[in-house]
Amino acid sequence: MKNTATDFDVLIVGAGISGIGMAAHMKEKAPDHSFVIVERRESLGGTWDLFRYPGIRSDSDMHTLGFDFEPWRHEKSIADGPSILEYLERIVDERKIRDHIRLEHKVLAADWRESDARWHVTLETGEGERKHLTANWLYLGSGYYDYDEPYDPGFDLGEFEGQVLHPQFWPDDLDYSNQDVVVVGSGATAVTIVPSMADKAAKVTMLQRTPTWMFSRPAKDALANFLRRILPEKLAYRLTRWKNITMQDFAFKMARNKPEKVKEGLHKRIRKSMGEDYDLAPFTPPYNPWDQRLCLVPDDDLFQAMKNGKAEVVTGHIKAFEKGGVRLKDDRFLPADIVVTATGLKLAVAGKIALSKEGQPIDLAQHFYYKGCMFSNVPNLAVVFGYLNASWTLRADINSDFICRVLNETRKQGVDVAEPILTPQAEAAIEEDDIFDFSSGYIQRSKHIMPRNAVAYPWRLNQEYVLDRKRMKQDAVDDGLLEFRRHGANAKFADQQLEAAE
């Protein structure tokens, strides 16, 4: 793309799943609107390009982590990072999106100006040059975590002389052959790293403060692969996607309604892998399934590494990092040449972009979500924050589709501003809800920066995809809450008449 163009209908921040998805939806559903994708990194892919640790893979099946418009063609539905990158690269090439991407363009600030219905966006290039772009809409596909720094639990590394690293900044040249590795953490990243490093390492120990619920399943979806052999590709993909969405929804609701039955089923799967006499304590958390995300164990890889004596799961609290390893509070000592701090991510809102309106800072923690997509009393701004209980892309797809409908409605009405209006009176009547009904540490640590959430739709970030999809697709865009106007009009609340500016 020529760098002379500075004015666009939509500026998409981030060339990962969310940003590429929005571009593809616009190509199909709002083709007369111009757009640009700005990406701070040197290549596209977002999460799937950033993380390079051993075994990097999806923890959702690719028939739902894939887009609704692009079938997943690989045999494995639990896919590795390079396969996901290949999928995204193919989409940007086949849909001619690559020419719209500007790499090494980091968005620093964006100021909304009503006088021209534009976001005035300040960017910094990889060479340190400041640039200025304007766009009618800002679409944030910048993800949900801090790219610059992970969560730091504040470990005192004391006398430990080995290598300490975080999965978010994995070195390209790490040689861990015949090394003792301690992975601190028990989330999806740790569960991926431990069996992947076990092949070369002398031994890998997963050190957890608290166990996590684990769910074992094959990496290949037998039904999906069968359907692809006998049906047209898109039909097979739709059927598999429907099957997996239905199963995810059923499993989540079962966990909330009948947690003991789900616990029993999860333990039964582990005993099938580890043996009937296996002590289930390392895999018995003090909370119910889906109070935090379940960790996926594809093809029993973690359990197989444990049975082979190459991996171990230890529950305990760290007392100190000592020469040669980690000392626990119960005085057990875990030998370690390398310590991996898989202690979680640090959440970030709006890609840490300094948002403002007429020069006044916008604190999204003071605004309500609108349909899990926009924010109360903030014009022409959309965001993607994926589901916690289902695949991220499910929300990315429905949000992209909805914003395309909004873009087309603005053209139809001859206006250029769309703003979800929440009057002071209506806000006072709102019953607020916990934005995330999950006990995960990374969620709890970040609630103070999250936008507000109501009990009642549409002023909420919902966690029920099937219902959200129906509402976002079928409900009228012009719903009496989303105000459409020409720039320069006196911006008043929805229950007052708008007058053209002099």
Side-chain angles (χ1 to χ4, degrees), residues 12 14 16-26 28-29 45-48 57-74 77-79 83-84 87-88 91 139-145 188 215 217 221 224 234 236-256 290 292-294 296 369-374 382-406 435-438 440 443 453 457-458 460-475:
I12 301 169
I17 281 179
S18 301
I20 290 170
M22 178 57 179
H25 279 275
M26 284 190 67
E28 179 183 347
K29 299 166 184 173
T47 292
W48 304 107
R57 59 166 171 78
S58 65
D59 64 348
S60 300
D61 75 279
M62 288 305 301
H63 297 94
T64 57
L65 189 60
F67 298 108
D68 61 3
F69 55 79
E70 183 68 26
W72 178 252
R73 298 170 182 170
H74 289 264
S77 62
I78 305 302
S83 296
I84 299 172
Y87 176 76
L88 295 175
I91 288 169
Y139 189 92
L140 303 178
S142 45
Y144 67 106
Y145 60 87
F215 172 66
R217 60 155 286 183
D221 187 325
K234 289 188 176 181
Y237 183 64
R238 281 203 306 271
L239 289 173
T240 303
R241 190 176 171 87
W242 173 84
K243 182 259 294 183
N244 290 354
I245 288 169
T246 303
M247 288 177 63
Q248 286 174 4
D249 187 55
F250 174 79
F252 177 75
K253 289 176 179 175
M254 175 70 79
R256 288 298 169 95
W290 277 117
Q292 298 183 20
R293 280 186 73 108
L294 269 64
L296 177 65
Y369 266 109
Y370 171 75
K371 296 186 176 181
C373 182
M374 298 177 70
V383 69
V384 179
F385 195 108
Y387 290 98
L388 296 180
N389 60 359
S391 296
W392 178 276
T393 316
L394 295 177
R395 174 110 61 197
D397 273 332
I398 60 175
N399 282 13
S400 296
D401 179 77
F402 178 76
I403 294 302
C404 285
R405 292 177 66 206
V406 174
I435 187 166
F436 298 126
D437 185 19
F438 283 76
S440 305
I443 294 292
N453 208 45
Y457 193 81
R460 66 179 279 110
L461 180 74
N462 211 26
Q463 294 292 333
E464 197 166 352
Y465 167 72
V466 174
L467 182 59
D468 290 347
R469 179 185 60 186
K470 181 179 179 182
R471 285 168 167 166
M472 297 282 272
K473 202 161 190 70
Q474 296 181 4
D475 289 358

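The minimum heavy-atom distance between Gly19 and Ile12, with the atom names listed, is CA-CG2, 3.5 Å. Here the closest non-hydrogen pair linking Asn389 and Arg293 is N-NH1, 4.3 Å. Shortest non-hydrogen contact noted between Thr393 and Gly66 is CG2-O, 3.7 Å. Here the shortest heavy-atom pairing between Thr47 and Tyr145 reads OG1-OH, 2.9 Å. Looking at every heavy atom in both residues, Tyr465 comes nearest to Ile245 through CE2-CD1, 3.6 Å. Taking every heavy atom of both residues into account, Thr64 and Ser391 meet most closely at OG1-OG, 2.6 Å.
In this pair, Trp72 and His74 present their aromatic rings tilted. The plane angle is within the 30 to 60° band. Relative orientation of the Trp392 and Tyr144 rings is tilted, given thresholds of 30° and 60° on the angle between their planes.
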Full working for side-chain contact (heavy atoms from CB on, under 4.5 Å) between Tyr387 and Gln463: CA-CA 6 Å; Tyr387 290 98; Gln463 294 292 333; 3.8 Å; yes
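With rounding to the nearest 0.5 angstrom, the CG atom of Asp397 is 4.0 Å from the NE2 atom of His25. For the atom pair CZ of Phe69 and CD1 of Ile91, the computed distance is 5.0 Å after rounding to the nearest 0.5 Å. A distance of 11.5 Å separates CG in Asp401 from CZ in Arg469, rounded to the nearest 0.5 Å. Distance check: Gln248 CD to Ser60 OG gives 6.5 Å after rounding to the nearest 0.5 Å. Interatomic distance, CZ of Phe385 versus CG of Asn399, reported as 12.0 Å (0.5 Å rounding). Note: Asp468 CG to Ile398 CD1 = 5.0 Å, rounded to the nearest 0.5 Å.
Checked against the 6.0 Å centroid threshold, Tyr87 and Trp48 do not count as a close aromatic pair.
Proximity of Arg217 to Ser77: side-chain heavy atoms (C-beta onward) are separated by under 4.5 Å at one or more points. Put simply, the side chain of Phe67 reaches to within 4.5 Å of the side chain of Leu88, judged on heavy atoms. Residues Arg471 and Asn462 meet the side-chain proximity criterion, which asks for heavy atoms closer than 4.5 Å. Using a 4.5 Å heavy-atom cutoff, the side chains of Asp61 and Thr240 are not in contact. The closest side-chain heavy-atom distance from Arg57 to Asp59 is below 4.5 Å. Side chains of Tyr237 and His63 form a contact here, defined as non-hydrogen atoms less than 4.5 Å apart. Contact check for Met472 versus Cys373: side-chain heavy atoms found under the 4.5 Å cut-off.
With respect to the salt-bridge test (charged N to carboxylate O, under 4.0 angstrom), the residues Asp249 and Lys253 qualify. Contact check on Arg241 versus Asp68 returns no salt bridge, with no Lys/Arg side-chain nitrogen under 4.0 Å from an Asp/Glu carboxylate oxygen.
In this model, a donor atom of one side chain and an acceptor atom of the other lie less than 3.5 Å apart for Ser400 and Tyr139.
Side-chain N or O atoms of Ser18 include none that pairs as donor or acceptor with a backbone N or O of Ala396 at under 3.5 Å.
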